[in-house]
Amino acid sequence: MNHWLAGWGDRPERKVTPFWWPPSLIVRQAASALYAGTLARWRRLPEWFVNYGFKCLPGAAGSWGQGCIGFPAHPVLEITAACNLRCIHCHTTGGQRADDELTTGEVKRLLDQLAEVREFRMVAFTGGEPLVREDLFELLAYSKALGFSNTLATNGMLIDDAVAGRLRDCGVVIGAVSLDGVDAETHDYVRDHPGAFEAALRGIRALQRAGIPLHINVTAMEYNVDQLEPLVALVDELGAAILIMYQLVPVGRGRGIEAAALDLGANERLIRLLAQAQRGAKTIMEPVAGPQYWSFLLHREGIKGGPLLRLAEQVFHGCSAGRGFVYIKPNGEVWPCPFIEVSCGNVRETPFSTIWAESPVFADLRAREERLQGQCGECEYRRLCGGCRGRAWATTGDYLGEDPSCFIHPPGGNGARLDTSTHPDLGGLGR
């Protein structure tokens with residue numbers, strides 16, 4: 001028995017198909033990255049492939065293309081509400097452990113059920129802060145034995161060399177650490193904890209020494225919007241394989257700072273910043289709660305129909321809520337994503353496979369092209385973008401409503417369109 005399961009007694013039979021099977025998946029993932037890089041005019045794409053691309057394959061977990069929250073097909077387990085921080089924007093309202101959290105045995109049974117879903121090959125563990133849960137390593141080891149690749153979303157403060165080594169041995173193939181400022185003053189304010197910035201950097205370095213590829217998660221909001229350009233540069237300097245750029249969605253504790261969420265104009269400026277920064281960056285950049293990024297890239301090249309748009313619809317998945325992506329709360333409630341606070345069922349009462357197959361909410365989201373409302377329902381990019389369903393839910397209470405922060409086709413049904421004549425960055429192919 002491998003040492004990472006020794007003493008825990010239960011080694012499950014492997015059920016999950018390896019991320020590299022069939023090998024055609026690897027080719028499709030490479031082709032997806034090439035198409036995305038071409039649209040973004042990414043000069044350092046070959047360098048990224050050499051330095052990070054193959055290392056990221058276990059985290060890609062058989063998916064191809066890009067979607068909100070990274071790769072489109074994977075479950076996220078919020079294994080505890082407990083946290084050593086009280087961040088002002090936390091969508092989970094992390095802090096104290098909840099009384100009704102799934103037990104060790106219940107999480108393992110859930111992992112068994114997730115392993116029965118063929119498209120799931122990676123599990124993301126998050127919180128709260130997952131490292132404060134005492135059985136985390138046991139759960140990671142069990143997940144690894146099932147055949148899953150594991151990723152961990154963390155604030156980084158509890159990671160030293162010993163912890164990073166244990167994470168690697170328990171199958172963690174990506175460490176996702178949050179940075180919300182380019183300096184301690186901003187990051188520590190958002191995280192509501194002095195010293196959080198320096199502790200996160202120490203955790204980042206420990207993960208890198210352990211050979212775990214690094215993701216950096218950034219949440220864009222009014223508190224740090226003026227720092228985003230240097231923050232993107234810092235992430236690149238830190239050697240992150242992937243930058244995940246979240247936007248503040250006012251749910252959880254974030255409701256208390258709703259005014260800090262980016263408006264339509266700020267969303268456009270952020271998308272433009274990402275597209276511009278991608279050109280010369282060493283890291284690949286992906287948006288969360290900003291699926292207009294892919295619409296922007298296509299619109300900039302004048303792609304509004306034809307075979308290039310149909311190809312893009314296969315590569316870009318936009319909002320992935322309920323369409324491969326699923327979020328499971330500490331008490332077993334199943335949500336489409338962390339920003340859509342709608343229960344589709346509870347794994348304590350109903351097998352996950354039944355929830356996944358029969359939830360009317362998931363059915364709505366999987367048929368979004370026909371069911372979206374407002375400008376999102378009329379948009380030529382609805383198949384590859386779909387608008388942020390979480391932002392629609394948070395602002396209107398309707399997860400099928402139009403995204404109020406879309407600048408490609410501004411909401412309100414007034415026929416307004418992004419004017420390429422006043423935006424040089426939106427010129428045609430070859431410009």
Side-chain angles (χ1 to χ4, degrees), residues 56 58-61 67-87 89-95 101 107 111 114 120 122-133 136-137 139-140 143-144 148-159 163-164 166-168 170-180 187 190-191 196 199-201 203-204 206-208 210 212-220 235 238 240-249 251-254 283 286-289 320-321 325-330 335 337-339 390:
C56 289
C68 184
I69 317 188
F71 302 103
H74 66 275
V76 175
L77 303 187
E78 184 189 322
I79 59 171
T80 184
C83 190
N84 54 338
L85 296 177
R86 291 187 60 84
C87 305
H89 63 309
C90 180
H91 63 79
T92 71
T93 320
E101 293 184 359
V107 176
L111 289 167
L114 294 175
F120 290 166
M122 180 266 277
V123 175
F125 290 79
T126 187
E129 170 52 54
L131 281 164
V132 305
R133 180 157 171 156
L136 173 66
F137 293 100
L139 296 174
L140 290 170
S143 178
K144 177 181 178 181
F148 283 119
S149 300
N150 296 325
T151 69
L152 185 77
T154 172
N155 58 45
M157 294 184 63
L158 302 177
I159 300 177
V163 170
R166 292 184 70 189
L167 292 172
R168 178 196 58 217
C170 289
V172 172
V173 299
I174 289 174
V177 181
S178 297
L179 283 181
D180 291 318
H187 180 85
V190 171
R191 298 275 151 179
L201 292 179
I204 285 170
L207 289 169
Q208 291 175 314
I212 298 175
L214 179 66
H215 285 202
I216 297 294
N217 294 338
V218 176
T219 299
V235 171
L238 288 172
I242 298 178
L243 165 63
I244 303 291
M245 180 65 75
Y246 284 75
Q247 289 192 38
L248 172 65
V249 178
V251 296
R253 194 176 292 129
T283 183
E286 300 179 12
V288 174
S320 297
F325 180 86
V326 64
Y327 192 86
I328 304 171
K329 297 290 288 181
W335 292 4
C337 94
F339 307 129

Any side-chain heavy-atom pair of Glu78 and Ile328 under 4.5 Å: no

Side chains of Arg86 and Arg253: does their closest heavy-atom pair fall under 4.5 Å? yes

So how far is it from His215 NE2 to Ile244 CD1, rounded to the nearest 0.5 Å? 6.0 Å

First locate atom CG of Asp180, then atom SG of Cys87, and finally report the distance between them rounded to the nearest 0.5 Å. 7.0 Å

Ring centroid separation His91 to Phe339 under 6.0 Å: yes

With a 4.5 Å cut-off on side-chain heavy atoms, are Met122 and Thr151 touching? yes

Heavy-atom nearest pair, Asn150 first then Ser143, reads OD1-OG, 2.7 Å

What's the verdict on side-chain contact (heavy atoms from CB on, under 4.5 Å) for Gln247 and Val288, showing C-alpha distance, side-chain angles and the deciding distance? CA-CA 6 Å; Gln247 289 192 38; Val288 174; over 6 Å; no

Is there side-chain contact between Leu77 and Thr126, with at least one heavy-atom pair below 4.5 Å? no

Minimal non-hydrogen separation, His74 against Ala124, with atom names: CD2-CB, 4.3 Å

For the CG atom of Leu243 and the CE atom of Met245, what is their distance to the nearest 0.5 Å? 5.0 Å

Does some side-chain heavy atom of Asn217 sit less than 4.5 Å from a side-chain heavy atom of Val177? no

When rounded to the nearest 0.5 Å, the distance separating OH of Tyr246 from CD of Glu286 is 10.5 Å

Check whether any side-chain heavy atom of Arg191 lies under 4.5 Å from a side-chain heavy atom of Ser178, and answer yes or no. yes

Tightest non-hydrogen contact, residues Ala82 and Thr80, listed as N-OG1, 3.0 Å

List in chain and number order the residues that pass ring-ring contact (aromatic ring centres under 6.0 Å, His included) with Phe148, two or more places apart in sequence or in another chain; answer none if no residue qualifies. none

Sort out for me which residue in Leu136, Val173, Ile212 forms a side-chain contact (heavy atoms from CB on, under 4.5 Å) with Leu152. Leu136

Quick one: are Phe325 and Val76 in side-chain contact, heavy atoms under 4.5 Å? yes

Might you point out which heavy atoms bring Ala240 and Ile216 nearest each other, and give the distance in Å? CB-CG1, 3.7 Å

Examine distances only and state if a side-chain atom of Thr219 and a backbone atom of Leu248 form a donor-acceptor pair shorter than 3.5 Å. no

What closest approach, in Å, do Cys68 and Ala289 show between heavy atoms, and which atom pair accounts for it? SG-N, 3.4 Å

His89 meets the ring-ring contact (aromatic ring centres under 6.0 Å, His included) criterion, sequence neighbours left out, with none

Roughly how far apart are Leu201 CG and Leu179 CG, rounded to 0.5 Å? 6.0 Å

Glu129 and Asn155: side chain donor to acceptor below 3.5 Å: yes

So do Val172 and Phe125 actually touch side chain to side chain, heavy atoms under 4.5 Å? no

Kindly compute the distance separating SG (Cys56) from CD1 (Ile242), expressed to the nearest 0.5 Å. 4.0 Å

Partner residues of Ala164 under the side-chain contact (heavy atoms from CB on, under 4.5 Å) criterion, sequence neighbours left out: Ile159, Ala206, Leu207, Ala210

